[in-house]
Amino acid sequence: MSQARTAGASRDAPAAAGAANAAGTAENSRDEDASRSATPPAAESWFGALGVPPESVWGHEGSGDASPDDANLHGRWFDNDQGPADSRFVSREARRIVAAEDSAVRRILRVYIAARAALGVALVGWLVATGILGERFNMQALAICGAYALWTALYWMVPRWRPSLSQRFGARAWLATIGADLLAFSALHLLDPFSGMNFVALLVLPVLMAGVLTSRVKALATVSGVSMMLLFSAWRAQAAGASVAAVMSQAGLTGIGFFVIVMLAGELAQRLAREERAARGSLELARQQARLNRLVIEEMVDGVMVVDRRGRVRVANPAALKLLAESGDMPQAPFSLSAERGWLSLATAVDAAFDGGNWPDAGREIMIWLPDGSPRKLQVRARFTRGAAAYNAAAEELCVLFAEDLRSVQDRSRTERLVAMGRMSAGIAHEIRNPLAAVAQANALLEEDATEPGQKRLLAIVADNVARLKRIVDDVLEVAAGASGNSSTINAAAEVAMICSDWARVNNLALGSGSRVRVLLGREPMGVLFDAEHLRRVLVNLLDNALRHATPDAGAVIVMLEVAEGDRVRLSVASDSEPIARDVEPYLFEPFYSTRSRGAGLGLYICRELCVRHGGRIEYERRPEGERHRNAFHVAMRRVEIGHDMRAVS
């Protein structure tokens, strides 16, 4: 629903800029007029200068269409008129104007209709009272006042007789209000111009409303007609023997006064319309900005909270709520940081920051306890709204907290370091490859001329270390940033059987029931999306690690391939070695981390990168005590259907 309102607001914006042109056009041509001009022409209605759609000007009484977004807007961003008076979105006076149910012109019209009814009753009462007191009773005046009072009362009490709330103030509305007033008051004045009641003063009301509600031409035409009536009344008085200079000057001055009144009323009404139009436009900008801010803040990974000096959290995004509590126990703003004992450290830090005005730019590490008793360390940054006091002495000081789980901060920092290290390592590996090839070639030439056993032994050491360095360079380049995997459909059972057979032959192992390595494979083909050479590198690395630490007993290492849950095929390599230390587990798959002095620390890291590259994953499992094979690595690969004509297990 809020999206529909936003779309509607964007459609109304161009129409609002030029809705004043609607005074001389039909309702269905307002949008065309708005696109032609945003400035009201000279003959346009000041009523239309509001520049808002008709339903916004006249509206529906007590409309209850306010969206939750609008309620949120007033409750969170403009509540209690907080903030500087010259807010970048909307001023305090503009908020007061727009917060009213009606437009200013609509309220003026409603008061005018009610005032006419009261005036009509007052006129009838005055005539009756004068008759009771013995004054001369004018039946014609009483008839005019009675008709006027009846009409104005019915017009006020019967809503359907009023101007349509969805249309402009047209000729029919003018005749029913301003025209009726002019007719009644002019008739009373012409009926008895020398009575004790000065009916000319009553003409101020319709003249004033003509300046407010009608176009400039109509307003000037109205006041011109009133002036002509006054001159005609003065001519009649002169014919009856009154002083020409006195009655004509009085009529002229009164007419000039009416012209001044209609001009001032028009200018003031136009200014009020402009202010209200600007206020509504500013409010719409504020609403859009509030919606954007809310969307951005709610989608932020960091937790964001707005806290006041009393420790009350006014606003909190979902990420902040998840940091303070588990999913099922998340509080709803507003709430107090002192409500939970586990948050007292955060509440104390915020309170001290309010008093001292000091919070490190890099943030603070604060430990909190979740409702279930588990600890969580947060990295918290804070910003304060002290600058608002320079604009508004009554502005409340607030604190905006940006919170992150410290583990996420550390993981992000570690990832950034690994990325930088990977780029640097790839560059170094490229530089090492050429001189390493030269060393290998020179060593091969020396081997051809070596005759003594000591020389051959030294050359063999050089060759072994050159080969080792070459493998490290290849490993680094294999996982360099930007490398992509070309996955294909392979028969995992056949590939694993062949890899294990080749690996056992290289390591002088005989596969069988009495071997240190047992291979358990299904007889049916198992199709996976992977690369055969990458699968070889992963499995050989896991087998080398397992054999290095396993016992010499038969079945010390087990290789198993099975169908896992879902669409996965799981390859497991388990050994009976001592379980990996718990302080080492978090770093198993990080590059350049090794527990061996001669290890490069890239083996398991390369395995993980190759698995991720093909949509798989690798995990370590510490099995419970009592089981023989407590160390297990599991490689999960994406399963696909293959035909039975693919290579089967040999």
Side-chain angles (χ1 to χ4, degrees), residues 418 422 468 470-481 483-507 509 511 517-522 525-550 557-564 567-575 577 580 585 587-596 599-621 629 631-640 647 649:
L418 291 178
R468 179 168 171 265
K470 185 177 183 303
R471 285 196 301 272
I472 294 175
V473 169
D474 291 341
D475 290 342
V476 171
L477 294 177
E478 183 67 37
V479 296
S484 60
N486 297 318
S487 302
S488 60
T489 301
I490 61 175
N491 183 355
E495 293 294 339
V496 170
M498 184 175 62
I499 294 170
C500 290
S501 177
D502 295 343
W503 174 81
R505 190 181 308 113
V506 171
N507 288 275
L509 290 175
L511 296 180
V517 180
R518 294 181 59 188
V519 181
L520 305 177
L521 305 176
M526 294 186 187
V528 296
L529 278 178
F530 220 84
D531 180 78
E533 184 58 32
H534 288 170
L535 180 60
R536 175 182 293 274
R537 297 193 65 176
V538 171
L539 183 53
V540 168
N541 196 307
L542 294 178
L543 288 171
D544 287 342
N545 287 341
L547 188 65
R548 184 179 304 115
H549 300 286
V557 178
I558 293 182
V559 179
M560 180 180 295
L561 186 68
E562 58 186 346
V563 176
D567 59 346
R568 297 283 173 172
V569 171
R570 185 171 66 180
L571 173 63
S572 302
V573 178
S575 67
S577 59
I580 296 175
E585 283 187 39
Y587 309 101
L588 280 176
F589 299 100
E590 289 195 4
F592 307 110
Y593 182 86
S594 176
T595 56
R596 295 191 302 131
L602 289 173
L604 291 177
Y605 172 69
I606 292 174
C607 291
R608 185 188 67 178
E609 292 299 312
L610 294 178
C611 290
V612 171
R613 191 175 299 178
H614 297 287
R617 65 178 184 272
I618 183 171
E619 297 173 344
Y620 167 74
E621 177 191 8
H629 303 89
N631 284 326
F633 287 87
H634 304 290
V635 177
M637 298 171 286
R638 290 184 294 174
R639 185 185 182 188
V640 293
R647 183 173 55 193
V649 181

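Remember, predicted model here, so these are calculated numbers, not experimental data.
Ring geometry for Phe530 versus His614: interplanar angle of 30 to 60°, hence tilted.
Expressed to the nearest 0.5 Å, how far CD of Glu609 lies from NE2 of His534 amounts to 11.5 Å. Once rounded to the nearest 0.5 Å, the distance linking CG of Asn507 with CG of Leu543 reads 8.5 Å. Note: Ile618 CD1 to Leu610 CG = 9.5 Å, rounded to the nearest 0.5 Å. Distance CZ/Arg536 to SG/Cys500: 9.5 Å, rounded to 0.5 Å.
Considering Val635, Val528, Leu571 as possible partners of Leu535, the one that fulfils the side chain to side chain contact (heavy atoms under 4.5 Å, CB included) test is Leu571.
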Worked verdict on Thr489 versus Leu529 for side-chain contact (heavy atoms from CB on, under 4.5 Å): CA-CA 5 Å; Thr489 301; Leu529 278 178; 3.7 Å; yes

Audit row: Leu521, Val496, side-chain contact (heavy atoms from CB on, under 4.5 Å) steps and yes/no: CA-CA 8 Å; Leu521 305 176; Val496 170; 3.8 Å; yes

side-chain contact (heavy atoms from CB on, under 4.5 Å) assessment of Ser487 paired with Arg638: CA-CA 10 Å; Ser487 302; Arg638 290 184 294 174; 4.3 Å; yes

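In this structure the side chain of Cys611 never reaches within 4.5 angstrom of the side chain of Arg617, judged on heavy atoms. In this structure, Met637 and Arg568 have side chains that are not in contact, with every pair of non-hydrogen atoms separated by 4.5 Å or more.
The side chain to side chain donor-acceptor pair (under 3.5 Å) test applied to Arg570 returns Glu562, not counting sequence neighbours. Shown here are the side chain to side chain donor-acceptor pair (under 3.5 Å) partners of His629, two or more places apart in sequence or in another chain: there are none.
For Phe633 and Tyr620, the ring centers sit closer than 6.0 Å to each other.
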